[in-house]
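We use all heavy atoms of the structure for the numbers below, so side chains are in, but hydrogens, waters and symmetry mates are not. Fair warning: this is a prediction, and the values are worked out from it, not measured in the lab. Each ligand, and each atom within it, is numbered from 1 in the order the structure gives.
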Amino acid sequence: MFDVEQKAIQARISAFCQQNDIPETELKWSPIPFSGEWGISVSFFQMASNEAKAGKSKGLPVPQRASQMAEQVKDYIGAIPTISHIEAVKGYLNLYFSTPEFAARVIGTVLDGGSRFGAGASKGERVMVEYAQPNTHHSFHIGHARNTILGESLARIVEFAGFETLRASYPGDIGLGVITVVWAYNKFYKGQEPAGVHERGQWLANIYVEATRLLEKKDNESPAETALREGYEAERREMYQRWDAGDPEVRQLWLTTREWSLEELRDILGMLGAKIDVWFFESEVDEPSKAIVQELIDRDIATDERASGGAVIVKIDEKLGLTKEKYRTNVLLRSDGTTLYLTKDLALAREKFEVYHIDRSIYVVDVRQSLHLQQTFAILKLWGFKQSEKCYHLAYGYVSLPEGAMSARRGRVVLFKEVYDEAKNRVLAVIEEKNPGMPAEERAGVAHKVGLGALTYSMLCVDNNKDIVFELDDALSFDGRTGPYIQNAYVRANSILKKYRNEGGSDAELANPLFAHTLSMHEIELIEQITRFPALVQQAANEYRPMVIAMYAYDLANAFHSFYHAVPVLQAESEAMKKARLSLVLAAKQVVANALDLLGITAPEVM
Ligand code: ARG
């Protein structure tokens, strides 16, 4: 922000060194922790130490000499227009910016940057974020929502931080669970199809529950029941074999029903504002993964025990030379030659890097799959796949219900669509009560944004590694540390600006603010929050932690609400003060919007 001043001071220090025969030393600048004033600080210890090493000591021990240098440089520099005061303290030189100047620069920078304020420079690295990868033939539940919300936010943050970003999905479209649904659909419901994207998805999920019950061994089964169940089981197995052999009829059934799930998934991704760039499917990496296994066998990394009725396995720990159990032994092919979940992940990883030329691959996957992914990466490494080091698992805790774990097999899930509908209805009820004048056509849009804002924020303000016990009332709360509280800061800023514009004011007049008044603590605190944003974007991207931005958005909104309650804007004492504060409101509104956008939340114009 004060690069020009910093360069000027740097030049003055160089001149000082030359005059005093001090070896030129690269200076380390750092911001002074904010305490009501902004500033930067530079240390002279390195310079004093270099001077001593070069045999040019002026007769003082290094710490004392550093202090002396700071004092001397302070006198040498003299006054600088935008610097309010300079202090020499124990070998450091602290330079404080004039507060009105700083405020004007921060706001000017935000207004210049607009929706790009806080974005990092291009890093020249391509990152793929894989998320939103539920299994097909089920419905989308609240656990999938956590995954998708987290993945989308991470993708936005990484992209905004300066990485070229590819969003990938990898639905599990094949496996015993999927075949179970196809079998039951074919046997009991063939030709039926409920109308409606979500109805169809939910209907498939119900078929799965029903089929699971039919295939499950019961206590005290009668011989007739046992025979029936075993018959079903044989049919299901046959269905899987026919799928594997590419039987056109089974493939068609599978594709049709798969499409119903994918339609529902795409619809929900649309609601959540997630645009997937690359769709991988488990079924498509099945064949390529078999070739990798052959290579692993040929190179003696995997052991083929199929001749003796066994499977193809990799003893990962042994092959890596580990003496303690870490990755264990894995099956890559069953005795009948079919692949497993893990096998397919080997081919997927390769495809990601080789087809899409990415530099880094992030997997947003439930913590229960940590071992699975660590095993995948370890086998890739054994195989000699160098980019295995560039694969990263972003694990997150799972979502359970107060009554226990969710289970798609048992039909004990909370569906995303139900929560979404409930969220919308609650917002509509609040509007009805508090803002009955809102035009009908505006209500649906506001309810969508605020309802989803509440749900999204409740998922992102928890650290990834924490489990969530999903309580509808908490997730849809509008008070306290919530999405709507942050959205409301945007709405309030907007309403002040609207009044100003209605009175004939224009945004152009706010572009170059001048602060001639003494800033109040509320203004200073709000500006301080605004300045934190760019560095936090980088931190969140480096740590893969959207929560950093979620916490920040709250702090920013909080600073805005305090400012809003305490500081008159349109009623400010003078015209100059009013303009300056209006530009601060405009800038704050922009940064709230930018931060919310990284969370995948949109603020409405009114609420
Ligand atoms: N479809 C899997 C599931 O629902 C998640 C896929 C995770 N990604 C991966 N590359 N294994 O459990």
Item to check | Protein heavy-atom partner closest to atom 8 (N) of ligand 1 - residue, atom, separation in Å | outcome: Glu130 OE2, 2.7 Å
Item to check | Heteroatom proximity flag, Gln133 to ligand 1, N/O under 3.5 Å | outcome: yes
Checklist entry - Parallel, tilted or perpendicular: which describes the rings of Tyr341 and His372, with under 30° parallel and over 60° perpendicular? => result parallel
Checklist outcome for this item: min-distance protein heavy atom vs atom 7 (C) of ligand 1 -> Tyr341 OH, 3.3 Å
Checklist entry - Short list, please: which atoms of ligand 1 are under 4.0 Å from a heavy atom of Val365? => result 7 (C), 8 (N)
Item to check | atom 10 (N) of ligand 1 [closest protein heavy-atom partner, distance rounded to 0.1 Å] | outcome: Asp345 OD1, 2.7 Å
Item to check | Residue and atom name of the nearest protein heavy atom (relative to atom 12 (O) of ligand 1), distance in Å to one decimal | outcome: Gln369 NE2, 2.8 Å
Item to check | Carboxylate-amine/guanidinium contact Asp421 Lys417, below 4.0 Å | outcome: yes
Next on the checklist: For a quick check under 3.5 Å, do Glu152 and Tyr131 share a side-chain donor-acceptor pair by atom type?
Outcome noted: yes
Checklist outcome for this item: Short version for Leu348: what comes under 4.0 Å of ligand 1, heavy atoms counted, is side chain
Item to check | Aromatic plane relationship, Trp383 with Phe385 - under 30° parallel, 30 to 60° tilted, over 60° perpendicular | outcome: parallel
Checklist entry - Atoms of ligand 1 less than 4.0 Å from Tyr363 heavy atoms? => result 10 (N)
Next on the checklist: For atom 3 (C) of ligand 1, what's the nearest protein heavy-atom neighbour? Residue, atom name and distance, please.
Outcome noted: Asn135 OD1, 3.6 Å
Item to check | Lys390, NZ atom: more than 12 neighbouring heavy atoms under 6.0 Å | outcome: no
Next on the checklist: When you measure from the heavy atoms of His144 to every atom of ligand 1, does any distance fall below 4.0 Å?
Outcome noted: no
Next on the checklist: Using 30° and 60° as the class boundaries, would you call the ring planes of Tyr356 and Phe280 parallel, tilted or perpendicular?
Outcome noted: perpendicular
Next on the checklist: Once you measure the plane-to-plane angle for Tyr552 and Phe533, does it fall in the parallel (<30°), tilted (30-60°) or perpendicular (>60°) bin?
Outcome noted: parallel
